[in-house]
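Only this structure's heavy atoms are used, side chains among them; waters, hydrogens and symmetry mates stay out. Numbers here simply count residues along the sequence, with the first being 1.
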Amino acid sequence: YRLAADQGNAMAQFGLGMCLYNGRGIEKDTALAMQYYHMAADQGYVQAQVVLGGCYAYGDDVRRDPEQAAKYYRLAAEQGNSLAQCSLGQCYENGLGVAQSYYEAVHFYRMAAEQGNPLAECSLGQCYENGLGVTQDPVEAVRHYRIAANQGNANARYRLGLCCAAGKGADKDLAKAAECFGLAARQGHPEAQYQFGECLYYGSGVPQNYAEAVRYYRMAADKGNANAQNSLAFCLINGQGVVRNSPEAVRYYRMAADQGHAKAQSNLGNCYKSGQGVKQDFGEAARYYRMAADQGNAVAQCSLGILYEEGNGVPQDFAEAVRLYGASAAKENGVAQYRLGMCYENGKGVPQNFVEAVRLYRLAANQGSAMAQCRMGDCYRNGQGVQQNFPEAVRLYLLAANQGSAAARCGLGQCYENGQGVVQNYMEAARYYRMAADQGYAQAQFNLGVCFKTGRGVPQSFPEAVRYYRMAADQGHA
């Protein structure tokens, strides 16, 4: 190589440059390698031009210089090199070393794609998907993704999976989406590994398998994928597909949170609030909730609102709690709608307004919130904010009771005891009181004590009455 290179042979100059760059058969010397690459490139040797373009684009052993990268890519592209054409397309798409031009990017991607370059084919698909330099056309995007995917391009397989999962440009096909994600995941594509983990976790297009989901989440998480870090942490903290490990979960939540992942920030706040995997610290909980809340995360806004309402980790501030609940409720967060309704009902941070409380309870109840369904039942039973309606109260109590709400079961017991919205039935009243009492609900324990004292719905028993009164009294029931 050296003999030929010193005589001006471009192929030899490039070959010697490769040997020097990689330390093959000669001591590694990247600076001298660059000199030989330049000699070959300046003679029009296309491979040297492509390599130099890459060196300048990524700053490999030279100062990063996008303009020089574009220059050498163009020289090689004009000789028909598909890799250079694709790389020059990327320069135009991102405005690196050239004025940004999606039209030019498409032009060079198309040239490379016509030569069978799968990366260019995939990039062309993304242009069609997003309407960059061409009219947006999801069907055409999928066509290009399919061509590149069939050539083994991992990113094309991933993007084709997204299209099949969403029914965008192709028929919605969860099994096909999972297949595409799986193929790309096995090629080491981190976003595909995360998506395939999601398929396995939820049983979307593949049989549900928590252990396999964890395996793929971990692959992606260890490559820095924040979504996967958050999902892996969730599995670790709940023991799904893996042995429960709260400290390890916190470590992954923190990785994702440090990348600005709002859900992970909110989840890490939960860990600090409950003391799972870390020492309980309401101040830290508030700090992480605030990070997520500032990004508009509805769950974090609600959680931070609760801290303000209760004065944990932050000064108690009902007005700030209401503000945060309002922001979260506007995003249809059921817990926030319920808690904001409680603020209106009790005049905390806002003027008392039973009508507004009921409106908010209804929104949360319609989302299946047992707490809101129960409070709505109370409002209908007592005529607060709505016209008194015992049958509607019973209906709402039943919805909440079927979800395990102790308060709703106690409310149903009272309806049966007093014949409100149902035929009076002391045995049914006692049955519901007992269900709620066994859940530790003080009012139900007291009411069941009354049943045993009076013999209504149960055999009269003063010792049992005393026992239930004592349970309620020990919880502070007056």
Side-chain angles (χ1 to χ4, degrees), residues 129 138 142 145 149 154-246 248-253 255-257 259 261-268 270-271 276-277 292 295 297-300 302-303 331-335 366-370 403-404:
E129 183 176 2
V142 165
Y145 289 150
N155 194 44
R157 286 169 168 171
Y158 163 68
R159 301 203 70 85
L160 181 58
L162 292 177
C163 292
C164 290
K168 184 179 178 182
D171 292 338
K172 187 168 184 175
D173 187 338
L174 298 181
K176 181 64 178 176
E179 178 191 339
C180 291
F181 291 144
L183 288 169
R186 286 186 280 277
Q187 291 177 260
H189 193 290
E191 287 79 15
Q193 289 167 340
Y194 164 68
Q195 289 291 347
F196 193 50
E198 291 283 275
C199 292
L200 290 160
Y201 183 89
Y202 292 105
S204 176
V206 289
Q208 190 175 52
N209 188 325
Y210 290 137
E212 276 294 280
V214 165
R215 189 167 75 87
Y216 278 97
Y217 285 151
R218 197 181 296 277
M219 289 179 192
D222 290 343
K223 291 186 177 81
N225 184 282
N227 284 321
Q229 289 164 347
N230 180 65
S231 295
L232 177 58
F234 184 84
C235 291
L236 284 162
I237 211 158
N238 293 291
Q240 291 181 311
V242 67
V243 175
R244 190 188 303 270
N245 188 331
S246 297
E248 184 74 351
V250 166
R251 187 172 76 85
Y252 278 105
Y253 276 145
M255 287 181 190
Q259 294 189 64
H261 193 283
K263 284 186 179 179
Q265 290 166 343
S266 181
N267 289 333
L268 189 52
N270 291 340
C271 292
Q276 275 189 298
Q295 294 190 64
N297 183 277
V299 173
C302 181
S303 298
K331 299 181 181 77
E332 300 185 355
N333 182 281
V335 176
N366 288 342
Q367 293 192 62
S369 167
Q403 293 189 65

Original post:
What are the two closest non-hydrogen atoms of L236 and A249, and how far apart are they?
Top reply: CB-CB, 3.8 Å
Subject >> L200 to P207 - nearest heavy-atom pair and separation >> reply: CD2-O, 4.1 Å
Original post:
Which residue pairs pass the ring pair (Phe, Tyr, Trp, His ring centres under 6.0 Å) test when at least one of the two sits in residues 159-193, sequence neighbours left out?
Top reply: Y158-H189
Original post:
Between A292 and S266, which heavy-atom pair has the shortest distance, and what is it?
Top reply: CB-N, 3.9 Å
**OP:** With sequence neighbours excluded, give me every salt bridge (Lys or Arg N to Asp or Glu O under 4.0 Å) pair touching residues 184-204.
**Re:** none
**OP:** With the side chain counted from C-beta on, respond yes when Y194 and S231 share a heavy-atom pair under 4.5 Å apart, and no when they do not.
**Re:** yes
Original post:
Partners of E332 by side chain to side chain donor-acceptor pair (under 3.5 Å), sequence neighbours excluded?
Top reply: none
**OP:** Sorted by first residue and then second, give each ring pair (Phe, Tyr, Trp, His ring centres under 6.0 Å) pair with at least one member in residues 215-239; sequence neighbours left out.
**Re:** F196-Y216
**OP:** Check side chain to side chain donor-acceptor pair (under 3.5 Å) between N297 and all other residues, then give those that pass, not counting sequence neighbours.
**Re:** none
**OP:** Please list all pairs passing the side chain to side chain donor-acceptor pair (under 3.5 Å) test where one or both residues lie in residues 168-177, with sequence neighbours left out.
**Re:** E129-K168
Original post:
Do C180 and Y145 have side chains that get closer than 4.5 Å, going by heavy atoms?
Top reply: no
Original post:
If every non-hydrogen atom of V335 is compared with every non-hydrogen atom of C302, which pair is closest and at what distance?
Top reply: CG1-SG, 3.6 Å
Original post:
Can you tell me how far the CD1 atom of I237 sits from the CG atom of N267, to the nearest 0.5 Å?
Top reply: 8.0 Å
Original post:
Please, which pairs that meet salt bridge (Lys or Arg N to Asp or Glu O under 4.0 Å) have at least one residue in residues 219-246, sequence neighbours excluded?
Top reply: none
**OP:** For N225, enumerate each residue passing the side chain to side chain donor-acceptor pair (under 3.5 Å) test, keeping only those at least two apart in sequence or located in another chain.
**Re:** none
Original post:
Shortest non-hydrogen contact from A220 to P190?
Top reply: CB-O, 3.2 Å
Original post:
Say you draw a straight line from NE2 of H261 to CG of N230; how long is it, rounded to the nearest 0.5 Å?
Top reply: 4.5 Å
**OP:** May I ask you to test the Q195-L162 pair for a side-chain heavy-atom distance under 4.5 Å?
**Re:** yes
Subject >> Qualifying residues under salt bridge (Lys or Arg N to Asp or Glu O under 4.0 Å), relative to R218, sequence neighbours excluded >> reply: none
**OP:** Mind checking the OH-CD spacing from Y202 to Q208? Nearest 0.5 Å is all I need.
**Re:** 10.0 Å
**OP:** Return the set of residues passing side chain to side chain donor-acceptor pair (under 3.5 Å) with Q265 (not counting sequence neighbours), or none when no residue passes.
**Re:** Q295
Original post:
For the residue pair A192 and A185, what are the closest heavy atoms and their distance?
Top reply: CB-N, 3.7 Å
